[in-house]
There are 2 protein chains.
Amino acid sequence: MTEQSRQGAVDKDLLSELHAQIGSKLTQQGHRYTNGRQELVEALMLTGQPMTLPDIVEADPKLAQSSAYRNLDVLVRCGVIRRINAGGDHSYFELAEPLLGHHHHLICMSCGSIEDVHFDSEIEHLVDKSLSEISARTGFTPTTHSLDLHGHCADC
Amino acid sequence: MTEQSRQGAVDKDLLSELHAQIGSKLTQQGHRYTNGRQELVEALMLTGQPMTLPDIVEADPKLAQSSAYRNLDVLVRCGVIRRINAGGDHSYFELAEPLLGHHHHLICMSCGSIEDVHFDSEIEHLVDKSLSEISARTGFTPTTHSLDLHGHCADC
DNA sequence: CTAGAATTGATAATGAGTCTCATTCCTGCA
DNA sequence: TGCAGGAATGAGACTCATTATCAATTCTAG
């Protein structure tokens, strides 16, 4: 996890396809896909793991902190980025599920790191079914669910 | 949810049994189960739903904010209380699972409220099985998992 | 080219949660 | 019962992640 060179499995084509997708999403909602926003998104795409704001600014030091926070917020509200509250000092950010696929998190209680994991579809299906029942029973309308594991990562 | 009179399903016997249980847990770890701590726990037991610090202080105004935060922290570290990061301004607190049973949360994205729900054991079992596989595969050692629904509550 | 709106970035402000410290309260022991 | 030493308390100061402000800059439609 200290390995800086770790990158998500994104080749150049997928990357620019994502940019295009995000760009039109922003435009639709009356926002511009500016340089700063692209760089923000690109940092997240290249890292391929949830990042805190300090992580992001360190990865791309030309990003101003205040703008980064503001743009993160815009992107979250546009459904491009998802904010994860892991309990540490900082929030984590990652590409939203429409872009990254549905997945879950391994949250290390020692070092605070977060890693993505995918569950097999059988489980997801059962969970969904169960969640539908809950919704019907309680009148709650679910938008999404989060199933995260809290424990200790392999390094800790 | 604005209903102040809502109370968890705890009768007086269960309540003092819980107090005894918690008291010995604290004593074991070299802490005292003082008045302030008992009142803190009692507020959570009576409400029966996750509460923020302002909720708690409002429910029992003789609790000092700084002491409440400090004691909440002690109780969390002793495994009596669990902290929930729902994404709003405040953390939520509730009795820990050994006392309240394993359950999940309905988190309303409009009003920020949190409600407890129990899933059927079939799902829990499958989830556990799946989580074991994940652990084996990734080297992550899970302590617990959180499966929460994000959406809109019946009132919103 | 230009007006109006969106964006930027430096900086100030906000506020949840934590820390400090003098005082008070317990608990074990003589 | 009295006492010493540690634990707990509460008021207030403080930290620091995040947000708000605002003047300057950049886009974009016309």
Side-chain angles (χ1 to χ4, degrees), chain A residues 19 22-44 50-78 80-94 112 114, chain B residues 19 22-44 50-78 80-94 112 114:
Chain A
H19 273 309
I22 294 170
S24 66
K25 203 165 195 170
L26 285 189
T27 310
Q28 273 172 34
Q29 308 193 35
H31 294 109
R32 299 175 190 159
Y33 194 32
T34 59
N35 256 337
R37 291 172 187 175
Q38 290 175 39
E39 281 162 17
L40 213 47
V41 167
E42 196 132 341
L44 290 173
M51 302 172 87
T52 64
L53 185 110
D55 291 343
I56 293 170
V57 170
E58 189 189 1
D60 189 345
K62 64 181 158 308
L63 292 173
Q65 184 190 45
S66 61
S67 300
Y69 269 121
R70 193 183 329 98
N71 285 332
L72 244 8
D73 188 61
V74 169
L75 292 164
V76 166
R77 277 209 297 262
C78 291
V80 172
I81 283 180
R82 173 182 174 187
R83 184 184 207 126
I84 308 166
N85 296 101
D89 286 341
H90 295 268
S91 292
Y92 279 77
F93 298 91
E94 69 176 0
I114 302 188
Chain B
H19 272 309
I22 294 170
S24 66
K25 203 164 193 170
L26 286 189
T27 311
Q28 274 172 32
Q29 307 193 34
H31 294 108
R32 298 176 191 160
Y33 194 31
T34 59
N35 256 337
R37 290 171 188 175
Q38 290 175 37
E39 282 162 18
L40 213 47
V41 167
E42 196 131 341
L44 291 173
M51 302 172 86
T52 64
L53 184 110
D55 292 342
I56 293 171
V57 171
E58 190 189 359
D60 189 346
K62 63 181 161 307
L63 292 173
Q65 182 190 44
S66 60
S67 300
Y69 269 123
R70 195 185 325 101
N71 285 332
L72 243 8
D73 189 59
V74 169
L75 292 164
V76 166
R77 276 208 298 262
C78 289
V80 173
I81 283 180
R82 172 182 176 189
R83 183 182 209 127
I84 307 167
N85 298 101
D89 286 342
H90 293 268
S91 292
Y92 280 77
F93 298 91
E94 69 176 1
I114 302 188

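Everything numeric here is computed off the predicted structure, so don't read it as measured data. All values below come from the heavy atoms of this structure, side chains included, with hydrogens, waters and symmetry mates left out. Reminder, nothing fancy here: chain letters follow the sequence lines and each chain counts from 1.
Between the CG atom of A:Leu44 and the CD1 atom of A:Ile81 there is a distance of 5.0 Å, given to the nearest 0.5 Å. We find the CD-OG1 distance between B:Glu39 and B:Thr34 to be 8.5 Å, quoted to the nearest 0.5 Å. Separation of atoms CZ (B:Phe93) and OG1 (B:Thr52) is listed at 9.0 Å; rounding is to 0.5 Å. With values rounded to the nearest 0.5 angstrom, B:Arg82 atom CZ is found 12.5 Å from B:Ser91 atom OG.
The distance from atom OH of A:Tyr33 to atom C1' of D:dC27 is 17 Å, rounded to the nearest whole Å. Computed from coordinates, the B:Arg70 CZ to D:dG12 P distance equals 15 Å when rounded to whole Å. One atom, CG of B:Asn85, and another, P of D:dT18, lie 12 Å apart when rounded to the nearest Å. Between the OH atom of B:Tyr69 and the P atom of D:dA11 there is a distance of 16 Å, given to the nearest Å. Remark: C1' of D:dT28 and CG of A:Asn35 are 16 Å apart, rounded to the nearest angstrom. Put simply, CG on B:Leu72 is 15 Å from P on D:dA8, counting in whole angstrom units. Rounded to whole Å, the distance from CG on A:Asp73 to C1' on D:dT19 is 9 Å.
Bracketed by its first and final contacts, the part of DNA chain C lying under 4.0 Å from non-hydrogen atoms of chain A reaches from C:dA5 to C:dT11 in 5' to 3' order.
Here the closest non-hydrogen pair linking A:His90 and A:Pro54 is CE1-CG, 3.3 Å. Taking every heavy atom of both residues into account, B:Leu53 and B:Ala68 meet most closely at CD1-CB, 3.7 Å. In terms of heavy atoms, A:Gln38 sits closest to A:Tyr33 at NE2-O, 2.8 Å.
Between the A:Asp73 side chain and the A:Arg70 main chain, no donor and acceptor come within less than 3.5 Å of each other.
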Polar atoms only, N or O, under 3.5 Å: list the protein pairs with nucleotides 2-7 of chain D and their distances.
from, atom 1, to, atom 2, distance (Å)
D:dG6, N2, B:Arg32, NH1, 3.3
D:dG6, N2, B:Arg32, NH2, 3.3
D:dA7, O4', B:Arg32, NH2, 3.1

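Counting any heavy atom pair closer than 4.0 Å across all strands shown, B:Gln65 reaches no nucleic acid atom. Backbone-only engagement by A:Asn71 is indicated by non-hydrogen atom pairs under 4.0 Å involving sugar-phosphate atoms exclusively.
For A:Ser66 and D:dT19, the shortest distance from a side-chain N or O to OP1 or OP2 is not below 4.0 Å.
Between the base of D:dA8 and the side chain of B:Thr34 there is no donor-acceptor pair shorter than 3.5 Å.
Looking only at side-chain heavy atoms (C-beta outward), A:Ile56 and A:Leu72 come within less than 4.5 Å of each other.
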